[in-house]
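Structure, as structure tokens:
Proteins come first, then strands; the chains are lettered A, B, ... in the order of their sequence lines, and each starts at number 1.
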Number of protein chains: 2
Amino acid sequence: MAGKSGGERPLAESSAFRLTVLGTHLANDFAEHLRAAELTPKHLGMLTMVEQGFATTQDDVARLMRVSPSLVVRLADHLEQRGLIDRSRDPANRRRHIISVTARGRSVLDEAGSYAATLDAWLAESLGPRLDRELAGALARLMGRLTEG
Amino acid sequence: MAGKSGGERPLAESSAFRLTVLGTHLANDFAEHLRAAELTPKHLGMLTMVEQGFATTQDDVARLMRVSPSLVVRLADHLEQRGLIDRSRDPANRRRHIISVTARGRSVLDEAGSYAATLDAWLAESLGPRLDRELAGALARLMGRLTEG
DNA sequence: TATTGTTATACTCTATAACTATA
DNA sequence: TATAGTTATAGAGTATAACAATA
């Protein structure tokens, strides 16, 4: 009886597990939508982290998104080639690249936001007004935890 | 002014976008934890869908998880080799493989559930009792939508 | 002719390791 | 000696297409 049916809640009822399932489904939706622009959800994530001011260098992005620095190079190359970000040396520390989102990058974010609104509408329709508002509140809090720590 | 700053909520405040970010982070945590057992989050997802009765054949799994049938073959091979599922022909329709979770499979799910509980604890600690309960309610509803449709 | 599953193949994503340049 | 970024390489994950078996 070593941890056999250990009294805990089953995996399928765990909020963490449910968040991964839902998150994966929605990430698939974003991926399909972004394919036309030759972008992936990770590109969008990086763009957002920079635009929101949570990351200003590639190193920031790597830590925040928990991906390898070499992947950030690829993402940044890709975004820069398409004119969605600018890279400039930090004069204070010439090892760093300071990333900024261009006007075209912001318009990509706007367009993605408008697609996100259609997904949000599906959520709202599934949840009804009260649960939808409660979900939004919880997610806002959790995003804060991710970007702070 | 073609959809420039189109009055919508910014991407970063979309619940759908936040769910993908959170879901990806948590999926990373699951992936790290599962690595020791040579399993991925997708293996766990398949195991759960079968154990919960939402999928009984490989085709069900493919549709429910939105992955290709050929990937399901690989996942099933992997799980079967480790004794976590059984595959048997459906006598009523000999094209189908009926999947069932073995005792060892259930103990893997139990162990994963106990890891999920530690992630849930982090969520609860971040949210406090009320938001945590509200999140759980919203997620339960949304999971229902995924498995029904 | 459509469904279920399988195999062969190729491609995308991502990490690791070795390297450059700054500090 | 440590940090930021890059390059080269290899591995994991996944889809597509062609196929076999059954309905």
Side-chain angles (χ1 to χ4, degrees), chain A residues 20 23-25 27-46 49-50 55-81 85-100, chain B residues 20 23-25 27-47 49-50 55-82 85-100:
Chain A
T20 71
T24 302
H25 270 257
N28 277 349
D29 290 332
F30 274 108
E32 279 177 25
H33 179 76
L34 289 169
R35 191 153 298 140
E38 293 184 304
L39 296 173
T40 66
K42 288 242 159 81
H43 290 113
L44 200 61
M46 173 164 174
M49 292 301 124
V50 172
T56 57
T57 68
Q58 297 186 187
D59 198 52
D60 291 339
V61 174
R63 273 196 312 263
L64 224 69
M65 296 181 60
R66 292 170 58 180
V67 296
S68 68
S70 66
L71 174 57
V72 179
V73 172
R74 284 179 164 283
L75 295 173
D77 285 350
H78 194 87
L79 291 170
E80 194 181 33
Q81 278 162 23
I85 62 167
D86 278 332
R87 272 198 275 212
S88 67
R89 290 278 174 194
D90 181 353
N93 184 341
R94 297 179 37 73
R95 289 173 299 191
R96 288 203 180 91
H97 274 167
I98 296 187
I99 313 290
S100 56
Chain B
T20 71
T24 302
H25 270 256
N28 276 350
D29 290 332
F30 274 109
E32 279 177 24
H33 179 76
L34 289 169
R35 191 152 297 140
E38 293 183 303
L39 296 173
T40 67
K42 288 245 159 79
H43 290 111
L44 201 60
M46 172 163 175
L47 222 40
M49 292 302 123
V50 172
T56 58
T57 68
Q58 297 185 187
D59 198 52
D60 291 339
V61 174
R63 272 195 312 262
L64 224 69
M65 297 181 60
R66 293 169 59 180
V67 295
S68 67
S70 67
L71 174 57
V72 179
V73 172
R74 283 179 165 283
L75 295 173
D77 285 349
H78 195 88
L79 292 169
E80 193 181 35
Q81 277 161 23
R82 279 156 186 75
I85 62 167
D86 279 331
R87 270 199 275 213
S88 66
R89 290 279 172 192
D90 181 352
N93 183 342
R94 294 180 40 71
R95 289 174 299 190
R96 288 203 178 91
H97 274 166
I98 295 188
I99 312 290
S100 57

Practice problem: Calculate the interatomic distance between B/Lys42 atom NZ and D/dA12 atom P; express it in whole Å. | Solution: 16 Å

Quiz item: For the pair made of CZ in A/Arg66 and P in C/dA15, what is the distance, rounded to whole Å?
Solution: 11 Å

Quiz item: How close or far is atom P of D/dT3 from atom CG of A/Asp60, stated in whole angstroms?
Solution: 14 Å

Quiz item: Picking from C/dA17, D/dA23, D/dA15, which would you name as closest to the side chain of A/Ser70?
Solution: C/dA17

Exercise. Would you classify A/Arg89 as touching base, sugar-phosphate or nothing, given that sugar-phosphate means primed atoms plus P, OP1 and OP2, and contacts are heavy atoms under 4.0 Å?
Key: nothing

Exercise. Among the candidates C/dT14, D/dT6, C/dA23, find the nucleotide nearest to the side-chain atoms of A/Gln58.
Key: D/dT6

Practice problem: Check the distance between C/dA15's P and A/Leu71's CG and give it to me in whole angstrom. | Solution: 6 Å

Quiz item: Is A/Arg35 near enough to C/dT12 that one of its side-chain N or O atoms lies under 4.0 angstrom from OP1 or OP2?
Solution: no

Quiz item: Taking only N and O in the side chain of A/Arg63, is any of them less than 4.0 Å away from OP1 or OP2 of D/dT3?
Solution: no

Exercise. Compare all side-chain heavy atoms of B/His43 with those of B/Leu34 and state whether any distance is below 4.5 angstrom.
Key: no

Exercise. Report, as yes or no, whether the 6.0 Å neighbourhood of atom CZ on A/Arg74 holds more than 12 heavy atoms from other residues, nucleotides or ligands.
Key: no

Quiz item: NA contact type, A/Val67, heavy-atom cut-off 4.0 Å: base, sugar-phosphate, or nothing?
Solution: sugar-phosphate

Quiz item: Is any side-chain heavy atom of B/Ile99 closer than 4.5 Å to a side-chain heavy atom of B/Arg87?
Solution: yes

Quiz item: To the nearest angstrom, how far is B/Asp59 atom CG from D/dA21 atom C1'?
Solution: 15 Å

Quiz prompt | Separation of D/dA23 C1' from B/Asp90 CG (nearest whole Å) | solution = 12 Å

Quiz item: Closer to the 5' end of DNA chain C via nearest nucleotide, is it B/Thr57 or B/Arg74?
Solution: B/Thr57

Exercise. Would you mind checking if A/Arg66 and B/Asp29 are paired as a salt bridge, meaning a charged N to carboxylate O distance below 4.0 Å?
Key: yes

Quiz item: So which nucleotide from D/dA21, C/dT6, D/dT7 ends up closest to the side chain of A/Val73?
Solution: D/dT7

Quiz item: Is the shortest side-chain N/O distance from B/Arg94 to OP1 or OP2 of D/dT22 below 4.0 Å?
Solution: yes

Practice problem: Check B/His97 against B/Gln58 and note the closest heavy-atom contact, atom names and distance. | Solution: ND1-OE1, 3.6 Å

Quiz item: Quick one: B/Glu32 CD to C/dT14 C1', roughly how many Å, whole number?
Solution: 14 Å

Self-check item: Below 4.0 Å: OP1/OP2 of C/dT4 and any side-chain N or O of B/Arg96
Solution: yes

Practice problem: Mind calculating the distance between CZ (B/Arg95) and C1' (C/dG5) to the nearest angstrom? | Solution: 10 Å

